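Single-structure report; data block below.
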Protein chains: 2
Amino acid sequence: MSDKPHILVVDDEEDIRELVCMNLRRAGYAVTEAMDGLQAIAEVKLKKPDVMILDVMMPECDGLNVCRQVRANPETADIPIIMLTAKGQTQDRIEGLERGADDYLTKPFSPKELVLRVHSLLRRASTTLIISDLKEGPFHFDMRAVKLKVNGEPIDLTLLEFKLIQLLASKKGEVIERDTILREVWGYTDQVRTRTLDTHMKRLREKLAEYSDWVQTARGFGYVFKAPEVASCAD
Amino acid sequence: MSDKPHILVVDDEEDIRELVCMNLRRAGYAVTEAMDGLQAIAEVKLKKPDVMILDVMMPECDGLNVCRQVRANPETADIPIIMLTAKGQTQDRIEGLERGADDYLTKPFSPKELVLRVHSLLRRASTTLIISDLKEGPFHFDMRAVKLKVNGEPIDLTLLEFKLIQLLASKKGEVIERDTILREVWGYTDQVRTRTLDTHMKRLREKLAEYSDWVQTARGFGYVFKAPEVASCAD
DNA sequence: AACAAGAGTGACAAATATGTCACGAATGGC
DNA sequence: GCCATTCGTGACATATTTGTCACTCTTGTT
């Protein structure tokens, strides 16, 4: 990540695009331009921007389409998006918000307001890039205190145990291989024959009590954090 | 923290307030009402909301004032705020954004749009609740791995040591009192006569080696993390 | 069903983290 | 300068965490 936040501006109208870019550059941001939705998607893949400013009305691949595609990709799903809409198009605004846009501005808009909105989105993004919590199902990880609560009840974990379940929970639904766990949590760099993971997993599950079935074994692969299956038979 | 996100709605106009509350409750949110700025501030202290919806035009303590006060308090600075403005008051909108509001809606507004905006702010708040790093001077804290690097060199810290210096670094330049440190890092809830902090501080400083002068004693108060003073004499 | 491999388990020992204590050093007020 | 208070320090003991081992149980393949 470079010093200056990077903004991607997408609009087929050249004069609007130039006006926006000029004001953002003057405000100290690094700016990339795209003149249509397809180019925008290509640019996002090339270099993930810190904020996207996206016109709704564009030929071929409109802003709503771009927004949907950006949100559908986990690598780019968290990019803050400001939609530019035509005056009076309330439906566009609502649909944009439903598609995952963070904000909108109605043409014609004040460049100062646009800059302030970019600033606001970045401030929120940057102030949350400090220490924060992770929540998954009933699990609540306080990363600053290195403490776990499950359904509001504190669980007393060692550092290794905390790291272990936090790694799994942060990739909910994905099977994490044993070697990956040993590397991420234990810092092992080579393949080692060890049963320490098994031992710690046992200890962790004991501490989790009735929630231990959130941590499931993928035999021959590793472990996965996911909601337990609901019993489907009469027992 | 309960299951439902908690929204605080602040507006002196009762019909607007009731309309907003009804729509938010229907959308599944827990809602608290305040009819003026002073009540809003009291409510925020009582129970920190997940989002605040704040009318600008209110007697005595207007929305901009509330916004400023909420942002000035570190405990509440990160609450997402939506400002409600009168039609045509562009200056209010810009000032609101400058004061730290995250969003605004102009009266009269579609209740559906309001709900979507709340949803959008909460989605962003929850999706950005990720694990990240803290950097201060040459210090780089990896909160996920619970590891510290200073000027690129890993420093081998115990969990307590990590928490201790991370607390200080996250409040760079501020003196943190001993009792506060004991509460935040050790979890002590009462005033205790203990020298354990001194011992751990010694150990931490040993590990920091030439960077130990970033951790400075405020005698009779506590400790402060700040850049060492540059020698001002010829020695 | 038999068998091999993988994971769970209890017990134990080693390693590490943490806290207390007493003495010395440093600081600030009178 | 003197004295009281606070903080730094080294040593030690206790508490906790971590990893290994051997056995048992479970799973998947033939």
Side-chain angles (χ1 to χ4, degrees), chain A residues 145-148 154-168 175-209 211-225 229, chain B residues 145-148 154-168 175-209 211-225 229:
Chain A
V146 195
K147 290 204 181 296
L148 169 66
I155 309 281
D156 186 34
L157 299 182
T158 67
L159 179 56
L160 260 185
E161 287 160 1
F162 183 88
K163 282 178 168 180
L164 178 53
I165 186 148
Q166 191 276 328
L167 172 64
L168 294 173
V175 175
I176 318 286
E177 292 192 7
R178 295 178 64 95
D179 280 350
T180 300
I181 295 170
L182 289 167
R183 188 174 65 242
E184 298 281 321
V185 173
W186 273 266
Y188 290 161
T189 51
D190 305 303
Q191 288 199 323
V192 286
R193 300 293 97 193
T194 183
R195 306 299 311 283
T196 190
L197 171 52
D198 307 271
T199 301
H200 280 92
M201 183 57 74
K202 167 201 183 314
R203 289 182 181 134
L204 174 61
R205 280 169 164 156
E206 278 176 347
K207 290 184 178 180
L208 293 180
Y211 297 98
S212 64
D213 47 4
W214 276 80
V215 179
Q216 297 165 29
T217 306
R219 187 183 166 88
F221 291 96
Y223 298 93
V224 54
F225 180 92
E229 302 289 342
Chain B
V146 195
K147 290 204 181 296
L148 169 67
I155 309 282
D156 186 34
L157 300 182
T158 67
L159 178 55
L160 260 185
E161 287 160 4
F162 182 89
K163 282 177 169 180
L164 177 53
I165 186 152
Q166 192 275 327
L167 172 65
L168 294 173
V175 175
I176 318 285
E177 291 192 9
R178 295 178 64 96
D179 282 349
T180 300
I181 296 170
L182 289 168
R183 189 175 64 242
E184 298 281 322
V185 175
W186 272 265
Y188 290 162
T189 51
D190 305 301
Q191 289 200 320
V192 287
R193 299 293 97 195
T194 183
R195 304 301 311 282
T196 190
L197 171 52
D198 306 275
T199 301
H200 280 92
M201 185 55 74
K202 167 203 181 319
R203 289 183 182 132
L204 174 60
R205 281 171 166 157
E206 278 176 347
K207 290 185 178 180
L208 295 179
Y211 297 98
S212 63
D213 47 4
W214 276 79
V215 178
Q216 297 163 29
T217 306
R219 186 185 164 90
F221 290 96
Y223 297 94
V224 54
F225 180 94
E229 302 290 341

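Owing to the predicted nature of the structure, the values given are computational and were not obtained by experimental measurement. Order of the sequence lines sets the chain letters (A, B, ...), proteins ahead of strands, with each chain counted from 1. All values below come from the heavy atoms of this structure, side chains included, with hydrogens, waters and symmetry mates left out.
Within a 6.0 Å sphere centred on NZ of A/K207, other residues, nucleotides and ligands contribute more than 12 heavy atoms.
Under the 4.5 Å side-chain criterion, counting only non-hydrogen atoms from C-beta, B/L197 is not in contact with B/V185. Under the 4.5 Å side-chain criterion, counting only non-hydrogen atoms from C-beta, A/D198 is not in contact with A/K202. With contacts defined as side-chain heavy-atom distances shorter than 4.5 Å, the pair A/Q166/B/V146 does not qualify. Considering only heavy atoms from C-beta on, A/T194 comes within 4.5 Å of A/Y188 through its side chain. Side-chain contact between B/T217 and B/R205 is present, with at least one heavy-atom pair separated by less than 4.5 Å. Between A/L204 and A/Y223, every side-chain heavy-atom pair lies at or beyond the 4.5 Å cut-off. The closest side-chain heavy-atom distance from B/L157 to B/L164 is not below 4.5 Å.
In this structure, B/L197 atom CG and C/dA17 atom C1' are separated by 16 Å, rounded to whole Å. In this structure, A/D156 places its CG atom 13 Å from C1' of D/dA15, rounding to the nearest Å. Atom P of nucleotide C/dT16 and atom NE2 of B/H200 are separated by 16 Å, given to the nearest angstrom. Taking atom CG of residue A/L160 and atom C1' of nucleotide C/dA15, one finds them 13 Å apart after rounding to whole Å. When the P atom of D/dT17 is taken as reference, atom CG of A/L159 falls 10 Å away, rounded to whole Å. We find that CG of A/L157 is positioned 15 Å from P of D/dT16, with the value rounded to whole Å. For A/L182 and D/dT20, the CG to P distance is 10 Å, given to the nearest whole Å. The separation between A/I181 atom CD1 and D/dG19 atom P is 14 Å, rounded to whole Å.
Across all strands shown, B/T158 has heavy atoms under 4.0 Å from sugar-phosphate atoms exclusively, and none from any base.
For the pair B/W186 and C/dT18, the criterion of a side-chain N or O lying under 4.0 Å from OP1 or OP2 is not met.
Between the base of D/dG19 and the side chain of A/R203 there is a donor-acceptor pair shorter than 3.5 Å.
When the local axes at the two ends of the helix from C/dA1-D/dT30 to C/dC30-D/dG1 are compared, using 5 base pairs at each end, they differ in direction by 50° after rounding to 10°.
Taking the six-membered ring where tryptophan is involved, the planes of A/W214 and A/F225 are tilted, since the angle between them lies from 30° to 60°.
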Footprint string (nucleotides 4-10 of chain C, 5' to 3'): B base within contact, S backbone only, - free, heavy atoms under 4.0 Å: -BBBBBB
